[in-house]
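Scope of the values below: all heavy atoms of this structure, side chains included, with no hydrogens, waters or symmetry mates. Labels below follow one simple rule: chain letters A, B, ... track the order of the sequence lines, proteins then strands, and each chain is numbered from 1.
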2 protein chains.
Amino acid sequence: MPKNLNFLASRFQQQLSFITEIDQLKQIIRQTLLLDSSKQENDAEHSWHMAVSIIILAEYANEKELDILKCVKMALIHDVVEIDAGDTYAYDEMAHQDKEEREQKAAQRIFGLLPPDLNKEYTDLWYEFEKGETKEAKYTGAVDRYMPVLHNYKTQGKQWVKHNISADMVLKRNKPIEEGSAFLWNEVKQMVAKAQSKGFLR
Amino acid sequence: MPKNLNFLASRFQQQLSFITEIDQLKQIIRQTLLLDSSKQENDAEHSWHMAVSIIILAEYANEKELDILKCVKMALIHDVVEIDAGDTYAYDEMAHQDKEEREQKAAQRIFGLLPPDLNKEYTDLWYEFEKGETKEAKYTGAVDRYMPVLHNYKTQGKQWVKHNISADMVLKRNKPIEEGSAFLWNEVKQMVAKAQSKGFLR
């Protein structure tokens with residue numbers, strides 16, 4: 001095999017090892033129920049649904065000049081660290097204490113399966129999403145938070161009631177949505193008010 | 001409510017009805033097994049895995065000047081018609097006879113939930129993917145076909161054996177990969193040869 005083909009094969013093997021590794025995301029279970037309440041969704045399903053929502057709802061981002069491909073890439077890979085670190089429930093304050101450390105280790109291992117240039121690209125994207133400072137990270141983060149509120153509202157707050165969640169907790173947790181999309185934040189506030197009046201939330 | 005806010009609310013409600021409708025994709029089961037053989041994957045999981053693979057493997061597309069966002073959008077929505085039409089197994093020739101008609105009806109209903117401009121954008125994208133004539137449709141289609149071959153190979157051909165699939169059937173079915181990515185087609189041919197020698201394929 002000529003030298004450049006050897007290089008190509010090894011590069012491809014690294015890409016393939018990442019692609020096969022992240023298959024496990026299909027088994028990382030979140031607290032959120034499907035809209036028909038039949039089961040809890042997994043991270044792969046959530047990442048797909050979030051990516052579709054990002055392209056369909058882009059017009060509601062606060063910033064009109066967005067790099068949507070960057071947002072979609074972030075959405076697609078934002079949860080792969082949970083293969084090692086597990087899903088941390090939004091309202092589990094104890095588990096959030098060491099979440100950052102667990103997820104950073106996971107990012108290093110999982111994106112580290114990729115060739116160096118792609119490792120850098122996706123590690124950087126993941127950190128950008130986590131920090132939430134750029135316009136793309138803010139909008140992507142807004143949709144990430146919006147989805148479970150929608151699911152909880154549409155499933156009569158079953159998981160909110162189960163975990164004894166209050167309206168104030170949901171509003172506090174989801175306030176950052178406003179930085180990415182004032183429109184979606186307004187939707188969330190309306191859902192929370194309705195949920196509380198219907199007894200879906202404390 | 002001023003007229004423009006009324007319009008915005010109704011537009012958003014249409015977008016939301018699409019987003020909530022496609023939640024059902026998380027329950028459309030494919031023949032393909034997860035890589036640890038623990039269960040069959042669903043269309044939402046497959047669409048996510050395919051979208052990630054599209055961005056990670058883009059350099060192997062035959063055409064170097066690709067609109068990757070368009071490819072990712074196609075991947076994200078390519079299977080939503082299966083909510084109505086069901087998953088048609090790649091090697092089920094009977095079911096393929098009326099597949100086109102069933103899926104066109106489904107596309108009309110499901111993308112029809114969206115506001116007119118987005119309905120047109122996503123219906124057009126879906127037809128473009130189905131026709132497989134543009135460079136983006138060819139590459140996206142190549143990754144769509146590559147994924148289940150990879151899964152079947154990595155799970156010792158369990159589903160191939162179960163459905164009595166031969167090497168020739170896999171090669172015939174997957175030949176269009178070559179039009180989108182000669183590199184991935186070469187990978188598929190190698191996997192099929194190895195699979196046959198190991199008894200994963202007739």
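Within the model, atoms CZ of A/Phe183 and CZ of B/Phe12 stand 5.0 Å from one another, a figure rounded to the nearest 0.5 Å. With rounding to the nearest 0.5 Å, the separation of CG in B/Leu69 from SG in A/Cys71 is 10.0 Å. In this structure, CZ in A/Phe18 is found 5.0 Å from CD1 in B/Ile56, a value given to the nearest 0.5 Å. In this structure, the separation between CG on A/Asp79 and CH2 on B/Trp48 is 9.5 Å, given to the nearest 0.5 Å.
At a 4.5 Å heavy-atom cutoff, the contact between A/Glu187 and chain B is made by side-chain atoms alone. Proximity to chain B is absent for every atom of A/Asp43, based on heavy atoms less than 4.5 angstrom apart. Residue contact with chain B, scored on non-hydrogen atoms closer than 4.5 Å, involves the side chain of A/Val72 exclusively. With a 4.5 angstrom heavy-atom cutoff, A/Ile54 does not touch chain B via any of its atoms.
The most heavy-atom pairs under 4.5 Å with chain A, out of B/Ile77, B/Val80, B/Leu57, come from B/Leu57. Contact count versus chain B (heavy atoms, under 4.5 Å) is highest, among A/Ile68, A/Ile22, A/Thr20, for A/Ile22. Contact tally against chain A (heavy-atom pairs below 4.5 Å) for B/Ile55, B/Val52, B/Leu25: the top residue is B/Ile55. When each of B/Ala44, B/Ala51, B/Ser47 is scored by its heavy-atom pairs under 4.5 Å with chain A, the top score falls to B/Ala44. Top candidate by heavy-atom pairs under 4.5 Å with chain A, chosen from B/Met147, B/Lys73, B/Gln24, is B/Lys73. Of all the listed residues (A/Ile19, A/Asp23, A/Leu76), the one sharing the greatest number of non-hydrogen pairs under 4.5 Å with chain B is A/Asp23.
Put simply, the residue from B/His49, B/His46, B/Glu45 that forms a side chain to side chain donor-acceptor pair (under 3.5 Å) with A/Lys26 is B/His49.
Within residues 190-202 of chain A, no residue has any heavy atom under 4.5 Å from a heavy atom of chain B. Against chain B, the residues from residues 28-35 of chain A that qualify, each with a non-hydrogen atom under 4.5 angstrom away, are A/Leu34, A/Leu35 in number order. Of all residues spanning residues 150-182 of chain A, those with a heavy atom less than 4.5 Å away from chain B's heavy atoms are A/Leu150, A/His151, A/Lys154, arranged by number. Proximity to chain A at a heavy-atom threshold of 4.5 Å picks out B/Leu114, B/Leu118, B/Tyr122 from residues 113-132 of chain B, in numerical order.
Here the shortest heavy-atom pairing between A/Tyr146 and B/Leu16 reads OH-CD1, 3.3 Å.
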Does B/Asp36 form a side-chain hydrogen bond (donor to acceptor under 3.5 Å, both in side chains) with A/Gln27? I'd like the steps, not just the answer.
CA-CA 10 Å; B/Asp36 69 356; A/Gln27 296 188 78; 2.8 Å; yes
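A 6.0 Å sphere centred on CD of B/Gln40 holds more than 12 heavy atoms belonging to other residues, nucleotides or ligands.
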